[in-house]
Amino acid sequence: MSRPTLTLDEVGPDPFVTFATWLKAATETEPNDPNAMALATVDEAGMPDVRMVLLKGFDPSGFVFYTNFESAKGQELLGQPRAGLCFHWKTQRRQVRVRGPVEIVSEVEADTYYASRPRGSRIGAWASDQSRPLEDRAVLEARIAELEDRFGPEGDIARPARWSGFRVRPLEIEFWQDCAYRLHDRFRFTRGGVDAAAWDIARLYP
């Protein structure tokens, strides 16, 4: 069933506060990965690319995710440092779209998050030549076994230099709420720069 229409007061003046409220609601109802988001990039030829990644943090400075810099998305973002994000929460009948420039997170941020990952994921960051052709799954499994022997069951696994995070610093955030007869509610927040505190808010036609 469609929700009642949104008012400007319900959306509020701060898009990050609204996003936090919507994400919390999705966390309570989505069966899998409420922090999943579509990440859109472009390559050096301007060809668009999109894939699902996981949001690993957000605050007024932006939305953070992690990847291998040598992957397709890593190379695209290093070459064209701007991106679009889309969160879709089916149970909530909501989506949020984000657009803006991208920056690399600090070494401290990357090290802290990497250290929090399961041991197998940390080894995987070393083992995978992400996005490159793999002749056989056995090659990857052999590499993982070799790395497990090298690091040992308790040894420290430092973050690979090629693995870090990106922060999307939004210039635009749009909130979309399903309504009856496809007459959805849409509110778009825009600002003139990534450090600007004030946002302009507009209601959009469905």
Side-chain angles (χ1 to χ4, degrees), residues 1-41 50-67 73 77 82-106 108-118 121 164-191 193-206:
M1 180 177 293
S2 180
R3 292 173 177 270
T5 58
L6 288 173
T7 67
L8 185 58
D9 286 341
E10 289 175 303
V11 174
D14 186 335
F16 293 104
V17 172
T18 304
F19 180 82
T21 300
W22 283 26
L23 179 60
K24 182 177 184 297
T27 300
E28 295 169 353
T29 60
E30 288 293 319
N32 294 297
D33 298 328
N35 60 328
M37 58 187 185
L39 167 68
T41 57
V50 66
R51 77 290 284 162
M52 301 301 295
V53 299
L54 296 178
L55 176 72
K56 291 301 181 180
F58 74 95
D59 59 28
S61 65
F63 299 83
V64 175
F65 63 95
Y66 292 86
T67 190
K73 60 182 173 295
L77 288 168
R82 58 189 64 86
L85 306 174
C86 182
F87 299 84
H88 177 233
W89 299 305
K90 190 175 183 64
T91 59
Q92 295 291 315
R93 298 180 180 272
R94 288 171 169 171
Q95 72 175 1
V96 177
R97 298 169 59 212
V98 178
R99 295 201 301 167
V102 172
E103 66 182 18
I104 299 171
V105 304
S106 70
V108 172
E109 286 178 276
D111 287 341
T112 299
Y113 174 68
Y114 182 78
S116 75
R117 304 180 84 209
S121 297
S164 188
F166 289 103
R167 176 178 288 104
V168 180
R169 306 202 64 193
L171 295 174
E172 180 178 313
I173 304 177
E174 181 188 317
F175 295 89
W176 179 99
Q177 175 68 69
D178 175 85
C179 292
Y181 307 113
R182 311 297 296 172
L183 299 175
H184 312 305
D185 272 332
R186 296 172 63 189
F187 285 90
R188 182 176 62 199
F189 290 72
T190 57
R191 59 182 176 176
V194 295
D195 294 316
W199 293 85
D200 294 322
I201 310 172
R203 182 189 280 274
L204 306 179
Y205 275 97

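Numbering of residues begins at 1 and proceeds along the displayed sequence.
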Could you measure the distance from the [atom1] atom of [X] to the [atom2] atom of [Y]? Nearest 0.5 Å is fine.
| X | Y | atom1 | atom2 | result |
| --- | --- | --- | --- | --- |
| Gln95 | His88 | CD | NE2 | 6.5 Å |
| Glu109 | Ile104 | CD | CD1 | 11.5 Å |
| Ser164 | Tyr114 | OG | OH | 12.0 Å |
| Glu174 | Arg99 | CD | CZ | 9.5 Å |

>> One pair to check against side-chain contact (heavy atoms from CB on, under 4.5 Å): Trp89 and Thr29. What are the steps and the verdict?
In response: CA-CA 9 Å; Trp89 299 305; Thr29 60; over 6 Å; no
Indicate the atoms forming the closest heavy-atom contact of [X] with [Y], along with that distance.
| X | Y | value |
| --- | --- | --- |
| Asp185 | Arg203 | OD1-NH1, 2.6 Å |
| Leu171 | Gly193 | CD2-C, 3.6 Å |
| Pro170 | Gly62 | CD-CA, 3.9 Å |
| Arg97 | Arg186 | NH1-NH2, 3.9 Å |
| Ile173 | Pro15 | CD1-CB, 3.8 Å |

Judged by atom type as modelled, is there a donor-acceptor pair below 3.5 Å linking the side chain of [X] to the main-chain atoms of [Y]?
| X | Y | value |
| --- | --- | --- |
| Arg191 | Ala197 | no |
| Arg51 | Leu39 | yes |
| Glu172 | Gly100 | no |
| Asn35 | Leu54 | no |
| His184 | Asp178 | no |
| Glu30 | Thr91 | yes |

Are [X] and [Y] close enough that some pair of their side-chain heavy atoms sits under 4.5 Å apart?
| X | Y | result |
| --- | --- | --- |
| Val53 | Lys73 | yes |
| Lys56 | Arg117 | no |
| Phe187 | Ile201 | yes |
| Pro206 | Arg182 | no |

>> Can you tell me how the ring of Phe65 sits relative to the ring of Phe166, calling it parallel under 30°, perpendicular over 60° and tilted otherwise?
In response: tilted
> Can you say whether the rings of Phe63 and Phe87 are parallel (under 30°), tilted (30 to 60°) or perpendicular (over 60°)?
Replying inline: tilted
>> Please enumerate all residues that pass side chain to side chain contact (heavy atoms under 4.5 Å, CB included) together with Glu103, with sequence neighbours excluded.
In response: Arg167, Arg169
>> Suppose we screen for ring pair (Phe, Tyr, Trp, His ring centres under 6.0 Å). Which residues come up paired with Tyr66, at least two apart in sequence or across chains?
In response: Tyr113, Trp163
> Can you name the residues that form a ring pair (Phe, Tyr, Trp, His ring centres under 6.0 Å) with Trp199, not counting sequence neighbours?
Replying inline: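 Trp199 satisfies ring pair (Phe, Tyr, Trp, His ring centres under 6.0 Å) with no other residue.
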> So, do Phe19 and Phe175 have ring centers that fall under 6.0 Å from each other?
Replying inline: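 No, ring centres 6.0 Å or more apart.
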> side-chain contact (heavy atoms from CB on, under 4.5 Å) between Met52 and Asp33: does it pass, once the steps are laid out?
Replying inline: CA-CA 11 Å; Met52 301 301 295; Asp33 298 328; over 6 Å; no
